Amino acid sequence: MPEPLPPQYQPSDHEGPIYQAWERAGVFLPPPRTEGEKTFSILMPPPNANGSLHVGHAVFVTLQDLMVRYHRMKGDATVWFPGLDHAGFETQVVFEKFLEKQGKSRFGMARDEFYDATMAFTKENSTTIINQFRRLGASADWSRLKFTLDPDVVDLVHQTFVTMYEDELAYRDVRPVNWCTKHQTTLSDLETKDELRTDPLYYLKYGPVIVATGRPETIFGDVAVAVHPDDERYSKLVGTEIEVDLGIEQRSIKVVADEMVDREFGTGVVKITPAHDPNDFEVAKRHKLPMDKVAIDERGKLTALTGPFEGLKVEEARGKVVELLQEKGLIDHVDDTYQHTVKVCYKCSRTIEPRILPQWYIAMNRLGTKSGKNLTQHALGAVNDGRTKFVTERFEKLYRHWLDNIRDWAVSRQIVWGIRLPVWYCRCGQTTVRVPTRTEIIFLRHGEGEHNVQGIGNGDPSKPYHLTDKGKQQIAEVVEQFKRDGTTFDAVYASQMPRVQETAKLVAESLDGTIITDKRLNDIVLGELEGQPIEVLHKQTDHHMKSVGGSETFQDVLARIESFVKDRAMDEVQPKRILIITSEISFWALRKVLNPDLEPTEMRTHVLNGETHSFSLGDLTPCSSCGHLVVERDPDVFDTWFSSGQWPVTVPKTTGHADDYERFYPTMVMETGWDILFFWVARMMVFGLYLTDEVPFKQLYFHGMVRDKDRQKMSKSKGNVMDPLAVIDQYGTDALRMALVFNTSAGNDMPIDEEKIRGMRNFSNKLWNISRFILMNAGGSVGTAIEPQTEADTLILTQLDQTIEGATHDIDTFRFHEAAQRLYAFVWDDLAATYIEASKAQLKDDGLAESTKAILIHVLAASLKLLHPIMPFVTETVWQQLPADTKDSPLLAQASWPQATHD
RNA sequence: GGAUCCGUAGCUCAGUGGUAGAGCGUUCGGUUCACAUCCGAAAGGCCGCUGGUCCGAUCCCAGCCGGAUCCACCA
């Protein structure tokens, strides 16, 4: 007889060990591939790697885990791909706040320094959040975890952009963009929100007319006024130039006629400020007006164009400008009741300043010149013909409506944290878009040579200056260091110089590499100066800046090195790390190639024999037109959704399992919140279809947002957030999961409060005590067949069958809350309240006891199975207590989904 | 200006073309050998309003009222 269970279920005693048991048994890994297998794959919406667990994560983990566990039990080849998102702008905003608290700013940091700091911050958060997901019971295959900044993922993202560029779907254009003056970056249309405001509308005396404006401080950027073509009031002015008083200057500006003007608004005259208003920009474009009058800079401060107002922030300037205009009698009157919406940054709520800037865009509504694909039409088509289905259908309408009205997507961001654009601008005017090489060069200066000891120059490879003993020793030490660090090389390049060849041989012997001799790495040719003391050489040639007696100049060496580097940057098969062994002057040239702005004096840093340095070639590329190496790489990074939008394609291609893509793409279900329908879901459809001609997922399921009990959105500032970990500590993961499933129907927001979770904790305990009763009364090994003998027996078995069928159907049709409610009712009402009560008498009846025991165990086992996808921990814990011969698998997580019997 | 959703028990929400459901709350009663994180019982609803389709509408349709949300370049 097993020990009776304690009278109360203590989740914290069991959850950790149970989860470990699953991981140890490899429960979460998909089975080996078999012929004709039925697969089930889900991609986890990658959580931002910048924060900790919130209840929204708990919702999606619960629902996805439910599906995954269900399909695993049904015997499908199941995999749940987990991931983490670098969440570019979001993370940078979080991290900048963190820096601010330490009195730092990203604008005072070098790009690399800031990037590395953010990476460290992100990595730290990543491990935390993954472990928190484990506590939620997530049965994801963690061995397949991917991060959006993994190099192989980045390669694919770059490749997509290159493909789109060649297809003329990615293009650069100069046009007004949404600019946040705090974060100093462009934002997409989705990253701004509207604020309703009441602001004064100023009616300005403007030469012969009166114009209405809400932004008098932009007056210095005015280049014209516009009226409606049919407006007779102003028809005689159209085409003329008028003299206007701007307070600080007189300006002569054009009067143009344009349909954009609303005759009813204000006076029917609009002043045109192309640099600071998208509409005005369009007008200026149509009428070929100048666009270069910029009154506000990237920090939201007025420029020199505004004379005395230079340096003032927009808000301050507005009042001061109004004062000036007032003094000069230029304000006709002011309307204080003017209501309008203002675009603000969705993160910091500062007013968006439109600016005219070059940015990269994705053309949403154009035919690719190579692919012949139209991004929007494909994304709509796949939904129209049912290749992807929506649960619930209402989101399909929103999806359509959004795509029907979409504009081109600005994808470049002026931030650091993210995937940098693979774009270079050559001085010849050419733009090169190419997947950057990941080749890394390790430079090694040869060991001490005999000429070094003598202090003379040697540039002729036929002269026999060999490595000294000390030189050999230096190289031996370098090799040791490589070995200690586990550094290996895909190729070793060496110049022809004997000391270099000897060095290379020593390295290659120990590291098992092939030496490729390349004379472009040779020392500088000295001509008549061969063998002269170093000081003499430098003096006569002015540090190799001029040629003396047939000697090479530094420029000659530079050209050789540049040519060598260009080949490496173009390598078809891209080695990850190559070693080049050469001499000091090549090192200088290498630095200059990678950083052309270096002055000769900065460039000529001394390098010791046997010293190493590493260089990354990723930031340069050969120009696709003139062939020169280009280092002017676009500093911008991609909108984070540009990479996450490709997630369903990139993940299965980069897990390290060659057939994952073939087996598991398209994924079966995408489960996510409706709040990212446009940001993410629509873009995954766009990219999936563009890249693979297949939909990225066959089913879309949207869950609602979790609200507090007063239907308020949870937010830190309101202080009404629920910490899932605190809930788990107190009530157990299963209670949280059951409460979340129980209270959600697709697409609808769900209010959750502690009462509901407590109720489900009670349910876990109920299940526990049902098990306790059954194990105490029927816990021994039971071999009896299921033979209903009483009405109660028949009833419970019928109810069980109905529950199995119902729950299976509910889950298959994404009605998870109905499954939960059905199971809750079955376990509590049918099993506990009715059958167990009836069984108490039956167990005392010798004629009925054995069959009753068998039925109790049978119903319990089936109930555990049915509840396992929702409440994995308590069910598995009890399962471990069941007699072995009642189980089809030692772990419930690997047991089979029950089938209705139908006698 | 366009679009979408919601209105069902005191609260929060499910649900269905045929006699209305759950959780929590409320009231009353229970120290029985699985569980007081429990057990038993009860009260509580013109399913927003008005029309239409139908043998029949809480459900389908139209309009209205009330609430929420999303999208959109009005100086």
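All chains are named by letter (A, B, ...) in the order of the sequence lines, taking the proteins before the strands, and each is independently numbered beginning at 1. Keep in mind that what you see is a predicted model, and the values were worked out from it rather than measured. Keep in mind that the numbers below use all heavy atoms, side chains included, and drop hydrogens, waters and symmetry copies.
- The side chain of A:His401 approaches B:rG2 more closely than any other nucleotide in the set B:rC24, B:rG2, B:rA75.
- Ring planes of A:His14 and A:Tyr9: parallel class, angle under 30° (limits at 30 and 60°).
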### Task
List the steps and the verdict of side-chain contact (heavy atoms from CB on, under 4.5 Å) for A:Asn365 and A:Leu375.
CA-CA 6 Å; A:Asn365 264 313; A:Leu375 299 179; over 6 Å; no
### Step-by-step side chain to side chain donor-acceptor pair (under 3.5 Å) determination, A:Thr341 to A:Glu195
CA-CA 5 Å; A:Thr341 53; A:Glu195 247 180 44; over 6 Å; no
### Message
Counting primed atoms plus P, OP1 and OP2 as sugar-phosphate and everything else as base, spell out the protein contacts along nucleotides 26-40 of chain B at 4.0 Å heavy-atom distance: B, S or - for each nucleotide, 5' to 3'.
### Response
--------BB-BSSS
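- For A:Arg407, no side-chain nitrogen or oxygen approaches OP1 or OP2 of B:rC71 to under 4.0 Å.
- Going from the P atom of B:rG15 to that of B:rC5 covers 15 Å, rounded to whole Å.
- Residues A:Asn748 and A:Gly214 each lie close to RNA chain B; by heavy-atom proximity, the contact nearer the 5' end of the strand is made by A:Asn748.
- Taking atom C1' on both B:rG48 and B:rA57, the two are 15 Å apart, rounded to the nearest angstrom.
- If you measure from atom CG of A:Asp231 to atom P of B:rA75, you get 19 Å, rounded to the nearest angstrom.
- Residue contacts shown for A:Tyr399 are absent, as no nucleic acid heavy atom lies under 4.0 Å away.
- With C1' as the reference atom, B:rG51 and B:rA14 are 28 Å apart, rounded to whole Å.
- Taking side-chain N and O atoms only, A:Lys756 has no distance below 4.0 Å to OP1 or OP2 of B:rC11.
- When both pairing distances are held under 3.5 Å, B:rC64 makes a Watson-Crick or G-U pair with B:rG48.
- A sub-4.0 Å separation between OP1 or OP2 of B:rC13 and a side-chain N or O of A:His817 is absent.
- Geometrically, A:Arg175 engages A:Tyr361 in a cation-pi contact defined by less than 6.0 Å to the ring centre and at most 45° from the axis.
- In this model, the phosphate group of B:rA75 is not approached by any side-chain N or O of A:Thr213 to a distance below 4.0 Å at OP1 or OP2.
- For the atom pair CZ of A:Phe281 and CE of A:Met291, the computed distance is 4.5 Å after rounding to the nearest 0.5 Å.
- Taking the ring centroids of A:Tyr701 and A:His703, they lie at or beyond the 6.0 Å cut-off.
- Comparing the C1' positions of B:rC47 and B:rA20 gives a spacing of 8 Å, expressed to the nearest Å.
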### Query
Can A:Val706 and A:Met722 be said to form a side-chain contact (heavy atoms from CB on, under 4.5 Å), step by step?
CA-CA 10 Å; A:Val706 178; A:Met722 167 178 283; 5.9 Å; no
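- Side-chain nitrogen and oxygen atoms of A:Asn743 include none within less than 4.0 Å of the OP1 or OP2 phosphate oxygen of B:rA14.
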